[in-house]
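For reference, the structure is listed below as structure tokens.
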2 protein chains.
Amino acid sequence: MTEQLIEWLGRYGADADGGVTRLLYTRSWKEAQEALAEKMKSLGLEPAFDDAGNLFGRLQGTDADSECILTGSHVDTVQRGGKYDGAYGIVAGIAALARLREKYGAPKKTIEVVAFCEEEGSRFPYNYWGSTFLTGAAGYKDVEHARDQQGISFMEAMKAAGFGPGSRGRGARTDIGAFIELHIEQGAILEQEGQTIGIVEQIVGLQRYTVRVKGEANHAGTTPMPYRRDAMRAAGEMVAAVMDGADEIGAPLVATVGRMELIPGTPNVIPGEVLFTMDVRHPDGAKLEEACAHFVGLLHEVASRRNVDIETERWMNTAPIAMDAELTDAIERICRSRDLPYRRMPSGAGHDAQILAACCRTAMAFVPSRKGISHSPLEYTEPEHLEAGVQVLTDLLHQLAY
Amino acid sequence: MTEQLIEWLGRYGADADGGVTRLLYTRSWKEAQEALAEKMKSLGLEPAFDDAGNLFGRLQGTDADSECILTGSHVDTVQRGGKYDGAYGIVAGIAALARLREKYGAPKKTIEVVAFCEEEGSRFPYNYWGSTFLTGAAGYKDVEHARDQQGISFMEAMKAAGFGPGSRGRGARTDIGAFIELHIEQGAILEQEGQTIGIVEQIVGLQRYTVRVKGEANHAGTTPMPYRRDAMRAAGEMVAAVMDGADEIGAPLVATVGRMELIPGTPNVIPGEVLFTMDVRHPDGAKLEEACAHFVGLLHEVASRRNVDIETERWMNTAPIAMDAELTDAIERICRSRDLPYRRMPSGAGHDAQILAACCRTAMAFVPSRKGISHSPLEYTEPEHLEAGVQVLTDLLHQLAY
């Protein structure tokens, strides 16, 4: 059933090449959310949108005052993304709730599956709108100045899609007692180790820097090598030094230089200035801090050796987020009892689970991504792995809600 | 006089910050050429444009059948350039011819000063239009497909400025017997060694490559270091390897990576592809060839070590051009007799002289550039150095034409 639901949902916003583009509040996004609401209804779940456009499918518990057990993920995708990222967590939740209802009837505690309106930050420069709206960590004031690349404001786009202040009479919630998110791994560790389930222990901390290297722009033909203050030569050595440093520290630390700009950036001028980003992640906050300080030291060493100036600016600093230990143990016991190969691991990517973790017991599980690919039309997860994830989720929800 | 002429010419196309922008066939360019024609006339030189917009100021020789001795440089500048690059060679020629006429009257051989219409390639993707038109090395068919950044075609722009096929009835010439170009050094060697005149022995050969490094784009958070095929890491090591290699080979070899592009170029994605340019120059053709082969080898070594693919494309390959030995010796004798500190040196930059050298005896001399700066509002040469260059030129023209 899960595989069919993935294919079905992937038709909303389908690109010609097999990929999917569902940007927040666009037509394909709206059609997907409305189709999901219909699907929920047809499977006996009561659908409802909140004011931000998050969609919930409710399986009412018999204990009216109980906390709500929530599962799900985000419905939006990156530009030219795949069918699995986000979508899997939603359809797995729908499948699990449908099975529980069919097999056991109404639960004691209410269970809901959520299709968060947004997580990727692909249309507007804002991430986690769905989950931060739900928990109250963010509100309209946080997005009202954001505009997409066409200049459309966040609030206009929300309103045009039929959402926004007062539209559904549903805002932030305080009744969520637990959140479970299933997601594709977006890495290749499970595939390479032959595991079926990744049990997330923590979501990594992340620091992101802009490094500005200032040398002296000069004529590429008339400036002898010893007289140069070549910002690109220094930047090249800096990248090499940081990468070697990351290798030395070893897993689970990762470091990436993903963007670089040369000024003036013409073939016949020695670059006077180079800017680049440095993204560093580690699941242990103290080790992350230590690694970043080490890397900044390496950058300064190269700058001094190459006689260039350097400025580093840290513009992102997210602490690692631990998942709930009891829920994590519960998932491990389920994997054992179902004889599913699993491993505990950090998540190197950010997820809605890290937002929910600030408010309720939160757990997260991964299924393998073929070749580790994500944010691409080539995303793929084997049907038996999709099914294994749903089994684990169903068992856990049963334990928590019945 | 030369200093005043530099300041005067610098007013045509003057930028607010003291720089100059005179792009080919623009209004400031046209005004400068027309003002130069007037200036030539007022100093007893007979001005004439050719069909491309090159301006010649003629001091008629008494021997009607003699070859013409030509001096001068280009009137166009880069975007936000300075007052000296190109302009100095023109105003020095005007000053020298005015002095010769005043002191010695009509020469035996005709002498002309030229303000080449274009050398920098700053408006259209085409260099040396003025000198290649003059020698017949290029014609309209070579530029007719070129467009500027506003989409204006080369031919349209030429016509709008009053030039183009048949406009002046003057095309390529075959009567040029010698060409002498004065130019600012655009490097800091003369300044650092305390020399006044640089006698150019050859204009360096140049090879320019685009290097394409192909790895695998992947998520910056979820891809462990050992599983990465990071094109940026490889590119950083490549830049470092080529620069170290250039240091080992030593002067006069220079190597520059001036442009680099990362794909996709976002902070949270490991670059799957990096493109960069490599510009390598040496005054000895065999040594240039050897150095480039060595560098390409270094690039492949890094690619192999980092498990990325690499393609190198050589898109420019200009052989070194020797200046005329007799004229060069003559300049040296003049420097000695006038007690001007001088050195022989290669030119690391390209100049109109390299085009003329294919057709006639050609020589070139440099005066110092403060801090080696060129293509900048900060270009500056001391008045006594400007004057020394004019003295050398005047003496040489006298020897050749009287």
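Below, chain A is the first sequence line, B the second, and so on; all start at residue 1.
Neither the backbone nor the side chain of Ala251(B) comes within less than 4.5 Å of any heavy atom in chain A. Only the backbone of Leu253(B) comes within contact range of chain A, with at least one heavy atom under 4.5 Å from a heavy atom of that chain. Using a 4.5 Å cut-off between heavy atoms, Thr222(B) contacts chain A through both its backbone and its side chain. Within the 4.5 angstrom heavy-atom criterion, no atom of Val204(B) approaches chain A. Contacts of Gln192(B) with chain A are made by side-chain atoms alone, with heavy-atom separations under 4.5 Å and no backbone atom involved. With a 4.5 angstrom heavy-atom cutoff, Asn268(B) touches chain A via backbone and side-chain atoms both. For Arg208(B), the part lying under 4.5 angstrom from a heavy atom of chain A is the side chain only. Looking at Ile270(B), both its backbone and its side chain come within 4.5 Å of chain A, counting heavy atoms on both sides.
The environment of Arg344(B) atom CZ is dense: over 12 non-hydrogen atoms of other residues, nucleotides or ligands sit within 6.0 angstrom.
Summarising the geometry, atom OG belonging to Ser73(A) is positioned 9.5 Å from atom CD1 belonging to Ile184(A); distances are rounded to the nearest 0.5 Å. Atom CG in Leu206(A) sits 7.5 Å away from atom CG in Leu288(A) (nearest 0.5 Å).
One finds a salt bridge joining Arg233(B) and Asp244(A) here, because a Lys/Arg side-chain nitrogen approaches an Asp/Glu carboxylate oxygen to under 4.0 Å. A salt bridge is defined here as a Lys NZ or Arg NE, NH1 or NH2 lying under 4.0 Å from an Asp or Glu carboxylate O, and Arg123(B) with Asp76(B) fails to meet this definition.
Annotation for Ala235(B) and Phe276(B): closest pair CB-CE2, 4.1 Å, computed over non-hydrogen atoms.
Chain B forms the most heavy-atom pairs under 4.5 Å with one residue out of Asp247(A), Asn218(A), Thr210(A), Ile373(A), and that residue is Asp247(A).
Taking the ring centroids of His74(A) and Tyr88(A), they lie at or beyond the 6.0 Å cut-off.
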